[in-house]
Every structure is written in structure tokens, then in C-alpha cells.
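Take a look at the structure set out below.
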Amino acid sequence: TQLLEQSPQFLSIQEGENLTVYCNSSSVFSSLQWYRQEPGEGPVLLVTVVTGGEVKKLKRLTFQFGDARKDSSLHITAAQPGDTGLYLCAGARAAGNMLTFGGGTRLMVKP
Amino acid sequence: DTAVSQTPKYLVTQMGNDKSIKCEQNLGHDTMYWYKQDSKKFLKIMFSYNNKELIINETVPNRFSPKSPDKAHLNLHINSLELGDSAVYFCASSPRSLYGYTFGSGTRLTVV
């Protein structure tokens with residue numbers, strides 16, 4: 001059983017559509033991060049959220065940390081083919097602890 | 001300049017061999033990590049290391065060992081390679097996990 005559960009595992013949408021990816025856990029995290037990974041490359045950090053209820057925006061991407069710091073969501077508005085990739089959430093149980101990753105969401109945005 | 005660099009990018013070897021993967025970071029980060037990504041893209045922590053403490057994931061076989069000659073390097077040594085060791089191995093570094101990791105581009109290990 002994974003500590004962080006991501007859903008959906010796979011998502012295929014048309015350019016211009018909106019989507020939301022979820023990252024859920026029964027554990028409390030001191031911080032939660034979202035990464036995007038493209039084929040043949042390592043994950044690249046998109047955002048870090050540390051405060052319950054926190055919302056951060058990165059252009060068309062909106063990240064939210066749950067009030068109880070157990071879950072997070074990533075919303076993409078008007079998806080573009082360049083958004084295609086593997087989206088990973090990762091959490092740290094305490095400052096200085098190793099990150100635990102979710103299973104990932106593979107997103108494909110078709111032109 | 002690449003922030004976290006791993007070599008080699010690809011490694012094909014026979015069962016039973018011993019191999020090493022090198023990792024270097026030029027970010028001045030205190031902590032370095034090794035992760036294994038399986039065929040389903042799940043990233044699993046193997047080791048966390050700073051100049052004071054090595055934390056080993058208890059599920060990692062003792063055939064795997066990290067070696068750190070200095071703060072900027074964390075190499076991964078694997079003895080007696082097995083078919084199940086085939087995966088992509090990622091090195092990463094961070095000032096603290098709270099602030100996110102910088103990953104290398106990975107080493108695809110294939111054991112035949």
C-alpha cells in the first residue's frame with residue numbers, strides 16, 4: 001500500500017480541456033510537492049506547499065494543499081500538448097525527512 | 001552547467017557483475033539521495049545521505065551501497081547484479097526535503 005495515492009493513474013484529454021489530479025493520504029505531511037517528469041528525464045519540481053489550505057498558482061496550474069495537510073490537488077486550465085507528462089506528488093512527514101512519492105498520473109494532451 | 005549529473009546514462013550488464021553509478025551535484029546541497037524507478041514509474045527511496053548521517057531504506061538489499069567521497073558526490077555501488085535490479089536509478093539533492101529535490105536525468109540499468 002502506497003502512502004500517497006494519486007488519481008487518476010492515466011488521463012487522456014483534448015487540448016483546451018481542464019483537468020484535476022488528486023493526491024491523497026491518511027498521513028499528515030509537513031510539506032507536499034508536485035513534480036513533472038518527461039520521458040528520459042528526471043522529475044522537475046513544480047511547486048512546494050507547506051501550509052494547510054494553501055493555494056499556489058503557476059500560470060495555468062493551480063495547486064492546493066488540504067486543510068488537514070493530508071491531501072493535495074493539481075488543476076490545469078486549458079491544457080496544452082506541452083503539459084503532457086508524468087505528474088508526481090511527494091510528501092515529507094517532517095522537515096529533513098526523505099520524500100515519499102505517489103504512484104504518478106500520466107497525462108496526455110492531444111492537439 | 002548541469003546541477004545534478006549522473007553517469008552513465010545507460011548501463012547494460014550481465015547477472016552477477018558488480019557496477020557503479022556516479023552522481024555529482026554543484027548546488028551546494030547538504031543532502032543527496034538515490035531513488036529507484038520501476039517499470040510502472042513508481043519512485044522508491046533507497047538512501048538518504050548527508051555528511052553526518054546515512055539513512056537506508058530497510059527494503060534495499062545489502063548488495064546496494066552508497067559511497068560518498070565528499071559532499072558533492074554520492075555514488076551507488078551494486079554487487080552481484082540480479083535481473084530484478086533492472087530499473088532507472090535517479091540521484092537527487094536538496095538543502096532540505098521541505099524545499100524540494102533536484103534530480104539527475106537518471107541511469108537506465110538493464111541486467112541480462
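By convention in this document, chain letters (A, B, ...) are assigned in the order of the sequence lines, proteins followed by strands, and residues within each chain are numbered from 1.
Between the side chain of A/Ser31 and the backbone N or O of A/Val50, no donor-acceptor pair lies under 3.5 Å. A distance-only check finds a donor-acceptor pair linking the side chain of B/Asp18 to the backbone of B/Ser80 [under 3.5 Å]. Side chain of B/Lys9 to backbone of B/Ser105: a donor-acceptor contact under 3.5 angstrom is found. In this structure, the side chain of B/Gln6 does not engage the main chain of B/Ile21 through any donor-acceptor pair within 3.5 Å. Using a distance-only test at 3.5 Å, with no hydrogens or angles considered, no donor-acceptor pair links the side chain of B/Asn50 to the main chain of B/Asp30.
Interface remark: A/Gln37 contributes side-chain atoms only to the contact with chain B (heavy atom separation under 4.5 Å). Contacts of B/Leu43 with chain A are made by both backbone and side-chain atoms, with heavy-atom separations under 4.5 Å. For B/Gln37, the part lying under 4.5 angstrom from a heavy atom of chain A is the side chain only. Only the side chain of A/Leu88 comes within contact range of chain B, with at least one heavy atom under 4.5 Å from a heavy atom of that chain. For B/Lys44, no part lies under 4.5 angstrom from a heavy atom of chain A.
Through direct or indirect side-chain contacts shorter than 4.5 Å among Ile, Leu, Val, Met, Phe, Trp and Tyr, B/Val12 is connected to B/Val112.
Using the six-membered ring where Trp is involved, B/Tyr33 and B/Tyr101 have ring planes that are parallel, under 30° apart on the 30 and 60° scheme.
Considering only heavy atoms from C-beta on, B/Arg63 comes within 4.5 Å of B/Asp85 through its side chain.
At a heavy-atom separation below 4.5 angstrom, chain B is approached by A/Leu86 within residues 53-87 of chain A.
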